[in-house]
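Working notes for the structure below.
Side chains are part of it too, since the values below use all heavy atoms of this structure and drop only hydrogens, waters and symmetry mates.
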Amino acid sequence: MAHDTASKGETAGLRRKEGLAILSALQFATRLPLPDPGWEAGRMTRAAPWLPLAGVIAGSIAATVLLMAALVLPMPVAAGLALASLLALTGALHEDGFADLADAAGAWASRERALEIMRDSRNGTFAVLALILLIGLRWQALAGLTPHAASIALIAAAALGRMAMLAVMRHPGPARANGLAAGLLSADGDEEIARRLPRRLALSIIVVVSAAVLLLGHGGVAAALAALVAAVAVAVIAHRRLGGHTGDSLGAAAAAGETAALLALVVWSPSWSPVGPG
């Protein structure tokens, strides 16, 4: 009896920790009005595998905006409003990282100078051009789909982009000893959570990719591969220019992965959309 009681208590404790981890992931990755889950060592590391869920929720809200707007507005305008709502929901968190990495990579400066540029809140020419291309590609991709197909693509791309970020999170490792990337990987000193992180990340990646393939078929395969290739490209740039990941470069991997997944879904739309493109 005592053993059963202890087992139930342990299960309840794990459920509470996972619930707080989900809440932390949503609070970190969105601007939704949520209760503060508080802080404890390793909380964000435990929350990291749930970031694709934040993408699904934010993408679903943006998809709803798109479907409603498309009832009364042309598709390009509806797509623009959907993207605006998505950026508002996420606080443009990953886009900010993409812009910072573009500035650091474009400067062709030393590693130390590149890391200084990453910390600078001002945007340079490379950052502005990168954001124009990033948002422009998404906008045009959505505008080329029907409202039904575009809404599905928004949700899938948001989840797959964050999945791709998780896939490259541990490689090439953190660029700074005290940055966000280092904190995520070290679990703020909680060795047990840090030890379990690779397995938890792998499980999250498998679940997201499996769902995309089951729901979207060949389009899901193409989108997942495109997101991974884009995230790996960002990881390579981060390794060469910064010596490893920062929080901004991880955000850049998510933004690049999301955009690549969306473009792949446009190319493969006849394979998963019952109405096709246009």
Side-chain angles (χ1 to χ4, degrees), residues 22-36 47 50-100 123 127-128 130-165 208 211-212 215-216 219 223 226-227 230 248 250-266 269 272-273 275 277-278:
I22 294 172
L23 187 58
S24 295
L26 294 176
Q27 187 186 57
F28 174 77
T30 73
R31 295 297 181 266
L32 295 172
L34 298 169
D36 185 358
W50 292 104
L51 289 174
L53 176 62
V56 170
I57 292 173
S60 297
I61 295 173
T64 302
V65 171
L66 187 148
L67 290 172
M68 293 179 64
L71 294 174
V72 294
L73 294 168
M75 187 56 193
V77 180
L81 290 174
L83 284 175
S85 66
L86 183 61
L87 293 173
L89 280 167
T90 61
L93 178 67
H94 301 316
E95 288 74 16
D96 178 67
F98 191 86
D100 286 343
N123 285 331
V128 173
L131 287 176
I132 290 173
L133 289 172
L134 187 76
I135 302 304
L137 286 172
R138 292 182 191 171
W139 196 336
Q140 289 300 306
L142 289 173
L145 296 170
T146 64
H148 171 72
S151 64
I152 296 173
L154 263 175
I155 300 169
L160 288 169
R162 286 150 183 82
M163 174 279 300
M165 176 184 68
V208 175
L215 295 174
L216 304 176
D248 281 333
L250 288 175
E258 182 175 344
T259 304
L262 190 56
L263 294 175
L265 287 171
V266 171
S269 59
W272 56 267
S273 172
V275 290

Heavy-atom pair of closest approach, residues L262 and A153
CD1-CB, 3.6 Å

State whether the side chain of W139 and the backbone N or O of L83 hold a donor-acceptor pair below 3.5 Å, judged by distance alone.
no

Just how far is it from atom CE of M75 to atom CG of L142, taken to the nearest 0.5 Å?
6.0 Å

Straight-line distance of L134 CG to R138 CZ, nearest 0.5 Å:
4.0 Å

For side-chain contact (heavy atoms from CB on, under 4.5 Å), just list the numbers for L66 and L81, CA-CA rounded to whole Å, side-chain angles, deciding distance to a tenth of an Å, and then say yes or no.
CA-CA 7 Å; L66 187 148; L81 290 174; over 6 Å; no

Across all chains, not counting sequence neighbours, the side chain to side chain contact (heavy atoms under 4.5 Å, CB included) partners of A159 are V56, V208

If you compare all heavy atoms of G59 against all heavy atoms of A158, which two are closest, and at what distance to 0.1 Å?
CA-CB, 4.4 Å

Give the minimum heavy-atom separation between A88 and R31, together with the two atoms involved.
O-CG, 3.7 Å

Closest non-hydrogen contact found for A58 with T90 is CB-CG2, 4.1 Å

Nearest heavy atoms of M165 and L51, plus distance in Å:
CE-CD1, 3.4 Å

Test L145 against S269 for side-chain contact (heavy atoms from CB on, under 4.5 Å), laying out the working first.
CA-CA 8 Å; L145 296 170; S269 59; 3.8 Å; yes

Flag side-chain contact, heavy atom, 4.5 Å: I152 against S273:
no

Output, in order, the C-alpha distance, side-chain angles, deciding distance and verdict of side-chain contact (heavy atoms from CB on, under 4.5 Å) for T30 and I61.
CA-CA 11 Å; T30 73; I61 295 173; over 6 Å; no

Nearest 0.5 Å please: distance from the CG atom of L215 over to the CH2 atom of W272.
11.0 Å

Interatomic distance, I155 atom CD1 to I57 atom CD1 [nearest 0.5 angstrom]:
11.0 Å

What's the separation between atom CD in E258 and atom CG in L137, rounded to the nearest 0.5 Å?
12.5 Å

Could you pull out the closest heavy-atom pair between M163 and P52, with the gap in Å?
N-CG, 4.0 Å

Check step by step if side-chain contact (heavy atoms from CB on, under 4.5 Å) holds for T259 and F98.
CA-CA 11 Å; T259 304; F98 191 86; over 6 Å; no

